[in-house]
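Everything on this sheet refers to the single structure shown next.
Here is the naming used below: chain letters follow the sequence lines, and residue numbers restart at 1 for every chain.
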2 protein chains.
Amino acid sequence: MRKEASRATGRPTLAEVAQLAGVSQITASRALRDIPTVDPVLASKVREASKALGYVPNPAARMLASARSQSVVVLVPALSNQLFIETLEAIHNVLRPRGYDVLIGNFHYSREEEEELIRNYLAIQPCGILLTGFDRTDASRRLLEANKIRRVHMMELTNAEDVFSVGFSQEDAGAVVARHLLARGRRRLAYVAAQLDARVIRRGEGFKRALAEAGVDALELAVPDPSSVGLGGELFDRLLRQHPDVDGIFFCNDDLAHGAIFEAQRQGIPVPGRVAFVGFNDLPMSAHIVPRLTSIHTPREDVGKHAAHLMLALLAGAEIRERTIDLGFELVVRESS
Amino acid sequence: MRKEASRATGRPTLAEVAQLAGVSQITASRALRDIPTVDPVLASKVREASKALGYVPNPAARMLASARSQSVVVLVPALSNQLFIETLEAIHNVLRPRGYDVLIGNFHYSREEEEELIRNYLAIQPCGILLTGFDRTDASRRLLEANKIRRVHMMELTNAEDVFSVGFSQEDAGAVVARHLLARGRRRLAYVAAQLDARVIRRGEGFKRALAEAGVDALELAVPDPSSVGLGGELFDRLLRQHPDVDGIFFCNDDLAHGAIFEAQRQGIPVPGRVAFVGFNDLPMSAHIVPRLTSIHTPREDVGKHAAHLMLALLAGAEIRERTIDLGFELVVRESS
DNA sequence: CTTCGTTAAGACAGCGCTACCTTACGAGGA
DNA sequence: TCCTCGTAAGGTAGCGCTGTCTTAACGAAG
């Protein structure tokens with residue numbers, strides 16, 4: 001009955017694996033980490049011993065010894081938005097099997113809250129961080145720089161040096177919507193937006209720029225409130241009172257568009273007869289709502305997948321040629337336009 | 001230039017806090033953990049020193065020394081379901097400020113996948129686990145028992161000994177829907193369900209039991225496929241072909257009901273004129289869809305909040321009187337019935 | 001035959017914290 | 001007055017792993 005037994009976890013340790021394999025502890029450690037300076041014969045012995053004992057490395061010990069955790073932080077502006085769920089899930093699916101813990105932080109579209117999360121999560125020394133977009137406080141930026149933590153930005157793109165980003169062009173998506181509505185013969189066009197984050201604003205800019213290029217004025221109704229189905233109905237109603245002649249609306253997301261469709265239905269306003277609707281994100285419901293909603297389908301799942309793989313490459317110290325991964329988007333034309 | 005400096009993290013350590021406070025390291029440790037055997041004067045000195053240095057405990061070291069992590073695992077059957085997002089967020093909001101990491105596992109409604117997650121997550125020695133319902137593999141059960149990990153079950157209730165649960169009665173909810181439709185004069189009633197997990201089945205049982213008590217037969221259309229808006233439309237269409245006289249449908253969730261509403265609209269079937277719809281969960285959209293959907297509002301946010309607090313109490317070693325927390329539910333009657 | 005460089009394996013010493021045991025000290029009873 | 005006892009503080013020894021340095025082994029070059 002050894003004294004130290006009282007504190008041990010009872011799980012097999014690296015020392016036991018090493019003993020069983022007949023090598024030193026450090027050799028076992030290297031073998032299990034696939035460090036190439038280990039003789040292949042010894043390495044396979046170690047792996048066998050590890051399997052035989054059902055050895056699982058203790059992440060705390062590993063983290064303490066190496067000063068590096070095995071966790072990756074993902075910060076998203078919302079969980080209530082289906083969009084980010086799919087991205088998160090894809091990230092999980094890539095990183096979990098590689099042994100990384102994925103820590104999710106929701107900053108509720110608040111830069112201050114994001115800063116707080118960054119501060120808190122840096123304390124646990126994550127080995128990488130996946131961020132949404134580029135819009136954050138200076139303090140956040142400094143924290144990230146000072147900690148030299150590996151990071152990948154999602155949803156938006158940049159060509160800046162040493163910055164890795166995976167996403168698509170929000171401006172271009174807005175412009176595509178504008179050109180689509182113009183092609184449909186609509187001339188009295190509006191951008192209706194809520195939850196004015198950087199991406200929503202960029203979409204609107206792309207939309208308005210494309211209209212301007214065609215010599216068409218753009219109406220705009222943008223409120224900072226959180227986006228919701230109910231708000232979509234309200235905003236549509238308000239826009240219609242101000243500009244009864246509007247004949248095409250680009251909503252910054254599908255939720256608003258859904259709400260507007262319901263409101264139009266209640267008011268007996270034909271869609272697309274009197275006014276065409278285009279949403280953004282292409283949520284599952286958009287393919288079924290009456291009328292089916294035209295929307296920009298965004299590659300949110302692929303964004304997560306590629307961002308996670310990029311992070312893995314960074315963590316492996318690989319040489320990255322493509323700092324920017326543009327996954328594009330797709331305009332899905334349906335009944336509403 | 002001390003040799004050990006090369007491996008240190010550079011962050012202030014407990015030893016430095018102790019030195020600044022003029023106490024031993026272990027006293028500082030106890031003071032910061034609010035262990036009552038520390039003199040209040042010393043304790044406040046330690047807290048001051050800690051603040052002055054910007055000390056943040058190293059979770060890895062703490063975990064290694066105490067063989068206990070500061071992380072709580074939450075296993076949910078889906079992230080695509082808004083329902084669980086709200087629960088997760090509430091859990092986060094309670095546990096994060098207390099210094100716990102919340103690790104999310106999504107088992108995609110698969111008992112096998114849940115078992116795998118339990119196995120993997122137990123390796124990192126979480127200090128607690130929050131589970132959805134009671135339906136799991138025997139191996140999962142054994143793993144949980146063998147590891148003696150503190151756990152709280154969510155969404156369903158049980159009176160079993162030593163089992164903590166937070167939720168509401170799925171059966172009762174189903175029964176309430178049945179009585180509501182009966183009170184509306186409907187007699188040809190059906191339960192339409194997908195993604196047949198234990199809770200969906202219980203809801204249906206409550207529904208059918210209440211109908212049986214009223215001497216009314218229940219129709220049923222249940223498929224194991226994942227639930228979706230599109231499937232709701234399909235199932236409604238199929239049910240209507242088989243039983244054109246159906247005049248009231250209870251859908252196992254709002255998504256199916258939404259899809260059915262769209263399908264009814266396409267087919268020109270008046271709701272609730274010809275057939276009344278009732279959903280489950282009361283998603284935000286249900287208050288806006290045309291017609292507005294009658295639904296059971298479930299306390300998913302409160303489930304998360306209470307489950308997290310219960311876990312905190314368990315972790316603190318508190319004496320728990322109420323093993324079962326019934327948060328109830330609410331029938332929200334709207335236009336569709 | 002010696003020297004050197006190179007590579008593989010091991011020894012060692014922590015990483016930062018907490019469990020456990022010991023010591024110091026004052027209060028209270030004999 | 002002495003001795004026990006309870007309490008608060010400290011000393012010590014790891015928790016399980018990996019970074020760094022050292023050694024051993026071996027072949028090539030001089």
Practice item. Could you state the atom-to-atom distance from CD1 of Ile35(B) to P of dC17(C) in whole Å? Key: 14 Å

Practice item. Kindly determine whether Asn106(A) and Glu89(B) satisfy side chain to side chain donor-acceptor pair (under 3.5 Å), including the steps that lead there. Key: CA-CA 8 Å; Asn106(A) 174 358; Glu89(B) 174 123 35; 2.9 Å; yes

Every protein N/O within reach of nucleotides 5-9 of chain D N/O, cut-off under 3.5 Å:
residue: dA9(D); atom: OP2; partner: Thr37(B); partner atom: O; Å: 3.0
residue: dA9(D); atom: OP2; partner: Asp39(B); partner atom: N; Å: 2.6

Check your understanding: For dA19(C), does OP1 or OP2 lie under 4.0 Å from any side-chain N or O of Arg62(B)?
Key -> no

**Study point:** Between P of dG14(C) and CG of Leu64(B), the distance in whole Å
**Key:** 16 Å

Point to revise | Aromatic contact, His153(A) with Phe134(A) (centres under 6.0 Å) | key: yes

Exercise for review: Return the value, rounded to whole Å, for the distance between atom CD of Gln70(B) and atom C1' of dG16(C).
Suggested key: 15 Å

Review point. Rounded to the Å, how far apart are Gln19(B) CD and dG16(C) C1'?
Key: 15 Å

Study note, to complete from the structure: Which of Ser29(B), Pro57(B), Ser69(B) passes side chain to side chain contact (heavy atoms under 4.5 Å, CB included) with Arg62(B)? Answer is Pro57(B)

Check your understanding: Roughly how many Å is it from CG in Leu32(B) to C1' in dT18(C), rounded to a whole number?
Key -> 13 Å

**Study point:** Basic-acidic side-chain contact under 4.0 Å: Arg96(B), Asp101(B)
**Key:** yes

Point to revise | Nearest-Å distance for atom pair CD/C1', residues Gln25(A) and dA9(C) | key: 14 Å

Exercise for review: Could you tell me whether the phosphate oxygens of dC17(C), OP1 or OP2, come under 4.0 Å of any side-chain nitrogen or oxygen in Ser66(B)?
Suggested key: no

**Study point:** Spacing of Asn58(B) atom CG relative to dG16(D) atom P, expressed in whole Å
**Key:** 17 Å

